[in-house]
Amino acid sequence: MSAAVLTAAPPRPAHRDPQVLRWLGAYTASTVGDSVYYLALSWAAVSSGSPAQAGLVMAVSAVPRALLLLFGGVIADRLGPRRVVLASDTARCLMTLGLAAVLLATSPGLWLLAAAALVFGAVDAVFLPAVGALPPRIAARDQLARVQGLRGLAYRMGSVLGAPLGGLAVATGGPASAFGAAGALFALSLPLLCALRLRPLPTWEKPPTGEKGEKADGPVLRDLADGLRHLRGHRVLGPLMITILLADLGFVGPLNVGLALLAEQRGWGAPGIGWLLAGFGAGAGAASLLLAVRGRLPRAGTTLGWTMVLGAVAVAALAFAPRLPVAVAVAVAVGLLAGVSGALCHALVQTECDPAYLGRVSAVSSLGSLGLAPLGMPLTGAAAGLWGTGPVFVAGAAVCALSGAFALTVPSLRRAELPR
């Protein structure tokens with residue numbers, strides 16, 4: 001045999017990597033299951049009580065998620081993200097199938113639905129950081145931005161497919177059928193997660209825990225404090241967390257509550273809300289597709305700041321759109337700009353963070369949008385009732401613009417780049 005120089009084959013692009021595709025299939029099944037579950041829960045709650053009671057049941061899950069999310073990040077780092085995601089989807093599968101069985105046998109009161117929502121929120125608190133910490137275990141570092149684009153597409157697909165699937169299940173067999181469908185989707189993710197082969201994880205500052213049998217010693221609070229110190233001392237991640245938190249606080253309330261109020265005030269009705277949400281989803285999906293195909297965007301920190309500023313202008317413009325087609329076009333722009341900035345935030349978290357802290361850092365980055373901002377939605381509604389929808393959009397846009405301006409004025413974040 002003649003001598004030859006052997007070179008390692010270049011890593012596959014994320015969209016052609018079987019490992020990433022298995023993870024993507026599991027994540028998509030879980031996301032669709034989430035959508036079906038929430039539709040089933042809302043329908044069962046409305047059928048069992050008043051609209052106010054149903055709203056309370058739907059809001060219950062946000063409380064444990066907000067309170068426990070940071071500790072969920074510690075658990076993900078201690079036990080390993082795949083193990084936590086597997087346990088979380090197993091728990092959600094068993095819980096939703098159990099609810100389906102109970103609803104088939106009897107008509108439970110709201111207390112059971114509220115208890116289920118409480119447990120679901122607690123499980124979410126450990127599931128979400130683990131999902132954020134898993135991509136570096138299945139993809140090369142230079143593919144993580146593309147993985148975040150694929151994750152964004154899967155999330156949008158889950159939202160688009162989940163609602164009609166849940167509605168069909170409710171129409172066919174009531175909430176019990178919808179809960180059963182959600183449980184089946186959670187079950188579908190389990191063999192895909194079990195089939196993942198994890199990549200060796202580089203050690204930057206200290207050995208990561210979990211997945212290989214390492215034991216994490218010491219109190220949970222100390223691990224949490226270590227993660228927060230890692231954030232505070234990091235030249236990119238610290239400013240990035242402030243940017244994400246400001247953007248979430250300015251964006252989540254006006255877009256979730258304000259769109260419905262805007263459609264009602266302009267006489268566009270429920271179809272108008274649907275068109276606005278479809279426009280936003282189309283723009284966000286296009287942004288995820290862009291990152292998934294390109295793999296990276298140049299000058300990521302600068303692009304992040306400017307898309308936040310321009311997105312803030314588009315959010316404010318929604319309040320002054322005179323007709324529905326104009327508002328839908330603006331919603332597409334909002335979705336596109338918010339999708340680019342959001343994907344870049346996630347990609348920078350993945351590529352800048354020491355893998356040993358990624359669960360805790362993912363928990364902090366999710367705290368604004370999934371923990372704190374939903375709790376502020378009642379305040380957004382009250383402010384809209386006092387001063388009108390326009391000022392709410394403008395105030396939210398101002399906070400979003402502040403987040404983008406902050407990103408542009410911090411040199412380390414402005415110069416941040418995604419790996420090639």
Side-chain angles (χ1 to χ4, degrees), residues 59 62 65-66 69 128 152 155 231 237-263 265 273 276-277 279-281 283-284 287 300-321 327 330-349 362-410 413-414:
R65 188 167 57 218
L69 193 59
L128 294 168
Y155 179 80
L231 271 180
L237 291 177
L240 182 60
M241 291 302 112
I242 297 174
T243 301
I244 292 173
L245 179 60
L246 286 173
D248 286 339
L249 292 178
F251 187 83
V252 173
L255 265 294
N256 282 274
V257 178
L259 284 181
L261 295 174
L262 181 68
Q265 292 178 2
I273 300 174
L276 290 172
L277 292 176
F280 175 81
T302 301
T303 303
L304 165 66
W306 279 113
T307 51
M308 283 186 169
V309 172
L310 294 174
V313 174
V315 169
L318 269 175
F320 304 100
V330 176
V332 172
V334 172
L336 180 63
L337 293 165
V340 170
S341 61
L344 287 176
C345 285
H346 288 302
L348 286 172
V349 168
S362 297
V364 174
S365 68
S366 301
L367 185 61
S369 61
L370 299 174
L372 300 179
L375 298 178
M377 287 184 189
L379 295 178
T380 303
L386 289 174
W387 300 299
T389 307
V392 168
F393 274 98
V394 172
V399 178
C400 292
L402 179 62
S403 69
F406 176 78
L408 292 171
T409 55
V410 178
L413 181 53
R414 186 180 67 247

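Tested against Cys345 for a side chain to side chain contact (heavy atoms under 4.5 Å, CB included), the candidates Leu304, Val340, Asp248 yield a single pass: Leu304.
Closest heavy-atom contact between Phe280 and Ala338: CE1-CB, 4.5 Å. A pairwise comparison of heavy atoms in Phe393 and Ala319 identifies CB-CB, 3.8 Å as the closest pair. Taking every heavy atom of both residues into account, Ala407 and Gly305 meet most closely at CB-CA, 4.1 Å. Residue Ala317 comes nearest to Val330 through the heavy atom pair CB-CG1, 4.2 Å, listed as atom of the first residue, atom of the second, then distance. The two atoms that bring Ala314 and Val334 nearest to each other are CB-CG2, 3.5 Å, heavy atoms only. Heavy atoms only, all atoms of each residue included: Gly250 and Cys400 are closest at C-SG, 3.6 Å.
Going from atom CG of Leu336 over to atom OG1 of Thr307 covers 9.5 Å, rounded to the nearest 0.5 Å. Interatomic distance, CD1 of Ile244 versus OG of Ser403, reported as 10.0 Å (0.5 Å rounding). Put simply, CG on Leu408 and OG1 on Thr303 are 9.5 Å apart, with the number rounded to the nearest 0.5 Å. Between the CG atom in Leu237 and the CD1 atom in Ile242 there is a gap of 11.5 Å [rounded to 0.5 Å]. The line from OG of Ser362 to CG of Leu69 is 9.5 Å long, rounded to the nearest 0.5 Å.
Met308 is not listed as a side-chain neighbour of Leu246, based on a closest heavy-atom distance of 4.5 Å or more. By the 4.5 Å heavy-atom criterion applied to side chains, Ser365 and Met241 are counted as neighbours.
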